Structures are given as structure tokens and as C-alpha cells.
Amino acid sequence: MSPRDSRPGWWVIARRELLERVRSRWFIVMTLLGPVLLVGAIAIPALIAVNTAKSGARIAILVQDDDAQGQQVFALVKRDLGTIGWKVHDAPAAMPDETLLAWVADKTIAGFVRLPRGFVDGTATAVYQGDNASNQGAMALVSSLLTRAVTAVRLEASGLDERTVTRALIPPSFEARHTTGKSESTSGAMLFVLGYAVVMMLYMAVLIHAVNVMRAVVLDKTSKVVEVLLAAVKPQALMLGKILGVGAVGLIQVGFWALVLVLVTTFAGDLFGPVSLELPKIDFGTFVVIVADFVLGYFFYASLYAALGASVSTDQEAQQAQAPIVLLLIIPVACLQLVANDPRGTAAEVLTLIPFTSPFLMPLRQLLDGATPLALGLHFVVLAGSTWMLTQLAARIFRVGILMTGKRASLSEVWRWLRHG
Amino acid sequence: MTFALEIDRVSKRFGTHRAVEDLTLAVPRGVIYGLLGPNGAGKSTTMRMVADIFAPDEGAIRLLGGLPPGRAASMRMGFLPEERGLYPKMKVLEVVAFLAELRGLDRREATRRAERWLTRLGLENWLGQKVQELSKGMQQKVQFAACLVHDPELVILDEPWSGLDPVNAEVLRDVVRELKAAGQTVVLSTHLMEQAEEICDALAIIAGGRLVLEGPLAQIQRDHAPLGRLALTFADPALAAQALALLRTSPAVSDLLVTSPTTFELALAEPTSPAAKKEVIATLIAADLLPTSFREVVPSLHRIFVSKVGDAARPERRPDTASRGEA
């Protein structure tokens with residue numbers, strides 16, 4: 001009698017999927033560099049935005065020669081912008097817009113603003129035109145400096161001396177700290193950045209690995225190995241093995257990334273001491289929520305992708321057919337700010353119950369301490385229940401679709417498989 | 001008698017297309033059994049049902065003494081499908097070991113046997129190579145190894161020689177003979193009648209999803225031998241020509257057909273009469289024209305196939321592949 005193994009077929013399939021992937025260089029690179037890439041993806045655009053707001057722009061401010069208050073505002077803004085590297089072009093007020101637009105076109109200046117008579121007393125509007133008008137940071141800077149200059153000119157006009165005005169304009173020190181009253185408050189901005197990083201991490205992991213399930217199924221079909229496999233295991237076992245194997249790869253990756261986050265946030269003081277970077281801590285409960293949401297969210301989307309992979313014959317067909325799922329995946333990212341703005345609000349309550357969005361948004365809500373134990377429990381019951389139902393439906397599609405070759409299944413065919421599965 | 005495979009009144013439809021209709025056949029243990037039929041006859045569908053890829057709509061399939069198709073049976077069965085492939089980026093040894101594990105072997109034993117089978121098939125220098133680096137013929141040998149690696153009692157081979165060069169085809173034929181010698185049962189489908197005639201002990205011909213003919217090959221050939229038709233072979237062409245001339249005038253002979261310079265066939269005027277055969281022999285002895293071989297004509301499998309399948313070989317429109325998937 002030959003040595004036989006009692007391990008079920010899905011286990012053998014899952015192990016192959018896991019080993020094939022973790023042995024690849026891409027897995028090692030992505031696992032190690034994932035957090036770095038993620039931080040880079042978030043921090044670099046923010047840094048670029050801050051830097052472009054603070055330096056490098058050359059603009060023109062045009063004021064009528066006989067508008068004394070306008071001239072005062074011009075002088076103050078030019079001084080303040082100059083201290084952070086901006087250059088203010090001193091153009092005559094009579095210069096036509098066409099000439100200024102031509103300068104914008106040939107990049108002599110980034111933009112220009114005319115300060116009309118009545119601007120200082122609030123009866124006229126100054127309009128900025130330029131290629132950086134969409135740069136929120138730059139426009140907020142110009143706007144705040146104009147406001148500050150106008151305030152100073154108004155105060156001086158009301159008879160206050162320059163020293164008093166300067167003192168009056170010293171900005172108060174203000175800091176936002178997030179708390180729901182249950183725990184120690186933390187930096188609101190940092191908490192949002194961390195929450196954003198966690199959501200994006202989950203999003204990346206679910207998307208990458210769920211799509212990998214689809215690609216693994218399509219590979220079985222295109223390489224024609226599927227009949228060899230199905231002669232040894234049931235289609236349901238094949239699907240389960242694929243989802244578990246690829247999911248295990250994702251779990252290793254997400255577990256590693258979450259661990260890095262926990263370590264970084266725990267030892268942030270030691271790591272970034274001189275910079276005094278205040279990172280909120282991720283406690284063990286939140287760590288469990290992140291991992292559990294990844295597992296359920298992954299199963300939810302992986303089942304969808306597995307069914308999709310079984311319904312098509314080629315990679316190209318799969319790429320086209322996944323558009324509806326990608327649209328579903330965009331919703332949680334679009335709703336991120338809604339939850340961050342009010343983690344205990346109705347929108348957050350609803351979005352963390354809907355299975356399409358909840359696995360990504362609940363970790364953010366949990367980080368912001370916005371979920372009650374009841375909301376957490378309900379979230380996991382709904383998500384787990386809908387994931388289980390979806391895997392059952394996906395298995396029906398998979399069972400028939402996996403043997404189909406040569407064409408993509410129509411919606412009516414998929415509906416028939418679901419009904420008769 | 002125990003059977004390795006019993007198919008009992010099995011039917012399978014895809015939409016309105018009847019792929020297999022009321023098919024019954026039994027494969028004894030330890031034989032090489034051919035499943036023959038024209039394109040679209042239902043051979044591959046039958047094999048897929050045996051391998052539990054499709055379930056029959058009606059009827060029953062029993063394997064190895066009564067097991068239904070399924071995981072337990074698959075542990076003791078090897079299947080080489082017509083649509084076959086391997087993971088292109090896996091290493092040769094690993095892919096065969098993986099498929100052996102799926103058939104219930106533990107990992108170490110799976111690797112050991114995979115290595116043995118690949119070596120037996122001349123692939124010992126390719127164990128560490130990726131499948132995609134192998135030629136099509138070599139990949140087919142890897143698939144063959146994967147089908148046999150778990151030492152199955154029943155081996156199902158759907159068009160095993162398709163795409164193989166003569167040398168590799170001969171290697172595979174030898175392996176099939178070895179399997180039989182070891183007491184294993186092989187069921188194979190093929191379009192190559194010469195191959196089937198050379199290797200099969202028994203066979204079934206199906207057409208339009210229905211059984212046309214089944215039984216041991218020798219019996220089938222005997223049953224289909226034309227009555228009163230004899231083949232005579234002589235030591236040299238001159239003797240054959242003299243005999244031919246002599247028998248042209250014999251009243252016992254109604255027809256003569258030269259098949260080679262030294263051989264011709266004749267039809268007896270009275271096919272069922274033993275006296276006619278004796279008269280032919282007596283005529284030749286009297287003229288001192290003794291043949292080196294004197295035997296009844298046995299029809300080739302090709303001739304039997306064409307005569308039995310005939311119109312059924314005309315292609316019927318097949319359903320699209322999507323509905324084929326509706327198991």
C-alpha cells in the first residue's frame with residue numbers, strides 16, 4: 001500500500017497557490033516595500049503640494065497707482081510671499097489681460113490678480129487667473145496673505161499704530177486633537193493620515209489578491225489544466241483552494257504591514273524623537289479589526305472575482321468583465337472623507353454596514369474610535385453573512401463556468417447557472 | 001467477472017444535443033480497451049463522466065468494483081483528458097508531484113514517484129526545468145507521467161497519441177503494454193485504427209452517442225469476417241501467378257483479388273460449403289502449388305469501423321462550448 005495523504009484536495013490546491021506566489025521575487029519586494037510605497041504614495045503628493053504652495057511661483061499683482069490702500073496691500077503681500085520664496089512681479093495696472101495671459105502661456109508668470117478699487121473695503125472682488133489656480137495649497141496661501149494684508153491695512157486706517165497692528169495679527173496657536181471621550185485624544189491630522197494609510201493598505205491587498213484569484217482561475221482555463229484538476233477535485237474545492245491559497249498570501253502581507261504599523265506607531269517616539277512626530281497608537285483590538293476586515297473583505301471580493309474568472313475564457317475578457325467590480329471598489333475610497341469627517345454619524349453607520357464598503361471603512365472608523373461594540377458586532381455579522389452567501393452563489397457560477405471554453409458567459413447564462421446551481 | 005468500469009444505460013444531453021444516449025458497456029479488469037468512434041460520437045463526454053467532470057443525466061457509472069465517480073474513485077484512477085495542459089511556470093517535477101498529491105499521495109512519496117515516472121519517460125534531465133521550456137511532445141509525456149504517477153488501477157486516456165511523433169508514440173505504447181502486464185486496466189480513445197488494432201484487447205465503437213459494437217477485438221474481427229473469403233500467400237510471385245491462373249477456371253471460386261505479388265484473396269462460389277474450400281485445396285495440391293499461408297480473411301478494424309459507423313460519421317452540429325459546460 002502506498003503512503004496516502006488524508007489532506008483534502010482544496011488544501012493541496014491552496015498550498016500550491018501559496019507557495020508559487022510567496023516564492024516569487026515580486027511577493028518579497030511588495031511585502032517589504034509595500035509600507036514604504038504606501039507612505040510614499042500618500043506623503044509624496046502631499047509634500048509636492050506643500051512645496052509648490054510654499055515656493056517657486058511667480059505671480060503678478062496689479063494695483064491702480066492712485067489706490068493707496070491697494071498699494072499697501074500689495075507691499076505687504078509681496079513681502080510675505082517673498083519670505084517663502086515666491087516672486088511677485090510688479091506689473092503696471094494698465095497692462096491688458098491679453099499680455100498677462102500671454103505671460104501665463106509662456107510661463108513667465110504662473111498667474112496674476114488685479115486688486116480692484118474697493119477690494120480693501122470689501123465692495124469689490126479680486127480674481128486670480130493662473131495655471132496654479134487649481135493648487136489648493138497655493139490658493140489658500142495667497143488668499144490668507146491677502147486677508148492678513150487687508151486686515152492690517154483696515155486696522156491702520158482705523159487709527160491703530162503699526163506695532164499694535166502687528167501684535168493683533170499674530171495668529172493664535174491652535175491644534176485639533178481627536179477624541180470621542182472614551183480614550184486619550186490624539187492628533188486629528190495624524191489620525192486621518194494613519195486611517196487613510198490603513199484603508200489604502202486594505203484596499204491594495206484586497207484588490208491585488210482578489211484579482212489574483214481571478215487570474216489563477218483564468219490561467220487554469222487557458223493552460224487547459226482545469227480538466228486534469230477537476231478529475232481529482234470538485235469545482236467547489238478548486239475554488240476554495242484558490243481563494244484560500246491566494247488569500248493566505250494576502251494575509252501574510254497584510255499581517256506584516258499591520259505589524260509594521262503597530263511597531264512604528266508604538267515606537268514612533270523613539271524612532272522620530274527629534275522630529276517629535278506624534279503618531280496615534282494602534283491597539284490590539286484595532287489590529288484584530290484590521291485583520292478580520294481584510295479576511296472577510298478579501299473573501300467577499302475574491303468570491304466575486306473567482307466567479308468572474310470562471311465565466312470568461314481569456315485574460316482580456318476578464319479585464320473587460322471586471323469593470324462593475326472595480327466601480328464597486330471605488331465607492332469606499334470616495335466615501336473615505338465622509339467617515340473621517342464624522343465617524344459616529346449616520347453616513348459612517350450605514351457605510352460600515354454595506355458589505356461592499358464596510359471592510360475598508362470600518363477599520364478607519366475603529367481607528368477614529370467611532371464604532372460602538374454593537375456597531376462593530378453588527379458590522380461583522382452582516383459582512384460575514386453576506387460573504388458566506390456570496391461564496392455560495394459564486395460557487396454555483398464557478399461549478400459550471402470553469403468548464404466553459406471559447407467564449408464569455410452571457411448574463412442570462414450566469415443567471416441560469418445561479419438559479420439551477 | 002469483476003469489471004474495472006461499468007457504464008449502465010448512461011445518457012448525457014447538452015441543451016437539445018444528445019451527446020451520449022443510453023450507453024452501456026463493461027470493461028473487464030486488466031485489459032486495454034479501445035473506445036472508438038467518429039468525431040462528436042460522445043467518446044470524450046463518456047470519459048469525462050467516468051472522470052466525474054460531468055455527471056450523467058441518466059444511468060449509472062461504477063468503477064473498480066462498484067465505486068461511483070468521485071474523489072474516492074479518482075484516487076485509484078488516472079485520467080489524461082483530450083484538453084490537457086500544465087501550469088507553464090511550474091517546474092516539471094513539482095507539477096507532477098502536485099498532481100500526485102491531488103490524487104492522495106503524501107508529498108514525499110509524490111515527489112519520489114514523479115521522479116521515477118519522469119525518468120522512465122526519458123525526462124530525467126528536465127526535472128528542474130519549467131514546463132513552458134519543454135517541447136509539446138515532452139509536455140505530453142509529462143502529462144502522461146502525471147496521469148500514472150499515483151499507480152492507478154484504471155487509466156483513462158483520451159486521444160493519448162494525438163500530437164506525438166512516432167518515437168514518442170512508441171514509448172507510450174510500450175508503457176500502456178506495461179500497465180496491462182502489471183494488471184492495470186487501460187481505457188483509451190483514438191482515431192488511429194491501426195494503433196487500436198495493434199494494442200487493444202477489446203473495444204467499443206460508438207456513434208451519435210450510442211453503442212454500435214462492443215466486445216473482444218478477436219471476436220469482433222471473427223464476427224465480421226466475410227463468409228467464404230480466403231487469403232492465400234505463396235513463396236514467390238511466379239507460384240502466385242500460376243495459382244491465380246489455375247483458380248480462375250475453378251467452379252468453386254467466384255471472385256479473385258490480388259493484394260500483393262505473392263498474395264491474393266478469393267471468394268468461394270458457395271461461401272458456407274466446406275466442400276468448396278476442400279476443392280480449392282485439392283486443386284492446388286494436384287498442381288503442386290502449395291501456399292505458404294492459407295487462411296480465412298480477417299477484416300481490418302478500419303474496414304469494420306467504416307462499415308459499422310458509415311453515415312454516423314457525418315458531422316452533426318455540436319452545441320456551443322458554453323452549454324457543454326453545463327454539467
Side-chain angles (χ1 to χ4, degrees), chain A residues 1-17 19-21 23-24 216 219-238 241 310-313 396-410 412-414 416-417 420-421, chain B residues 14 44 47-48 50-55 69-71 73-91 94-95 97-110 112-113 131-132 139 143 146-147 149-152 156 158 320-327:
Chain A
M1 187 72 188
S2 59
R4 297 272 160 180
D5 197 339
S6 58
R7 281 171 186 147
W10 60 260
W11 194 92
V12 180
I13 301 270
R15 199 187 56 199
R16 190 201 82 85
E17 294 291 344
L19 292 179
E20 282 295 299
R21 282 171 169 75
R23 279 178 192 163
S24 76
L219 175 68
D220 281 4
K221 295 180 83 169
T222 53
S223 64
K224 297 182 177 175
V225 75
V226 68
E227 280 201 29
V228 178
L229 299 176
L230 290 179
V233 294
K234 289 278 182 195
Q236 291 88 337
L238 179 60
S311 314
V312 298
S313 295
R396 289 184 175 196
I397 297 174
F398 190 91
R399 193 178 69 85
V400 186
I402 192 70
L403 283 167
M404 188 190 70
T405 52
K407 65 172 275 232
R408 181 173 147 188
S410 66
S412 61
E413 279 172 323
V414 171
R416 200 167 65 239
W417 300 345
H420 300 297
Chain B
F14 298 114
S44 292
M47 289 183 154
R48 284 169 171 173
V50 171
D52 196 33
I53 291 169
F54 296 150
R71 180 135 175 95
S74 79
M75 301 294 109
R76 296 164 61 188
M77 188 181 81
F79 178 49
L80 182 74
E82 185 184 17
E83 288 282 327
R84 46 187 172 247
L86 296 164
Y87 289 113
K89 291 193 174 163
M90 272 185 97
K91 290 178 180 168
E94 287 176 359
V95 77
F98 160 67
L99 291 169
E101 277 190 88
L102 272 185
R103 301 287 191 170
L105 293 184
D106 72 35
R107 206 172 185 190
R108 185 177 296 179
E109 181 65 9
R112 193 184 67 76
R113 289 203 199 177
V131 168
Q132 64 189 11
Q139 286 188 26
Q143 286 153 356
C147 167
V149 66
H150 56 299
D151 200 16
I156 309 285
D158 196 355
D320 62 42
T321 47
S323 58
R324 281 171 63 197
E326 291 182 43

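Just so it is clear, the model here is predicted, and its values are computed rather than measured. We name chains A, B, ... by the order of the sequence lines, and we start the count at 1 in each one.
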Inset, instruction - Evaluate salt bridge (Lys or Arg N to Asp or Glu O under 4.0 Å) for A:Arg16 paired with B:Glu101, printing each intermediate quantity in order. - result: CA-CA 10 Å; A:Arg16 190 201 82 85; B:Glu101 277 190 88; over 6 Å; no
Inset, instruction - List the atom of B:Tyr87, the atom of A:Leu229, and the distance in Å for their closest heavy-atom pair. - result: OH-CD1, 3.2 Å
Inset, instruction - Sort out for me which of A:Ala237, A:Ala232, A:Pro235 touches chain B most, counting heavy-atom pairs under 4.5 Å. - result: A:Ala232
Legend entry - Interchain contact, B:Leu102 with chain A, by part (heavy-atom threshold 4.5 Å): both
Legend entry - Residue pair B:Arg71 / A:Pro8: nearest heavy atoms and the distance that separates them: NH2-C, 4.0 Å
Legend entry - Interchain contact, B:Glu94 with chain A, by part (heavy-atom threshold 4.5 Å): side chain
Legend entry - Sub-4.5 Å side-chain heavy-atom contact between B:Gln143 and A:Val228: no
Legend entry - Toward chain A, the part of B:Phe98 with a non-hydrogen atom under 4.5 Å: both
Inset, instruction - Identify the two heavy atoms, one from B:Pro88 and one from A:Ser223, that lie closest to each other, and give their separation to 0.1 Å. - result: CD-CB, 4.0 Å
Legend entry - Residue part contacting chain B, namely of A:Leu219, when any heavy atom lies under 4.5 Å: side chain
Legend entry - Interatomic distance, B:Glu82 atom CD to A:Lys224 atom NZ [nearest 0.5 angstrom]: 9.5 Å
Legend entry - Interface moiety of A:Leu19 toward chain B, non-hydrogen atoms closer than 4.5 Å: side chain
Legend entry - Considering all heavy atoms, the nearest A:Glu227-B:Pro81 contact: OE1-CB, 3.4 Å
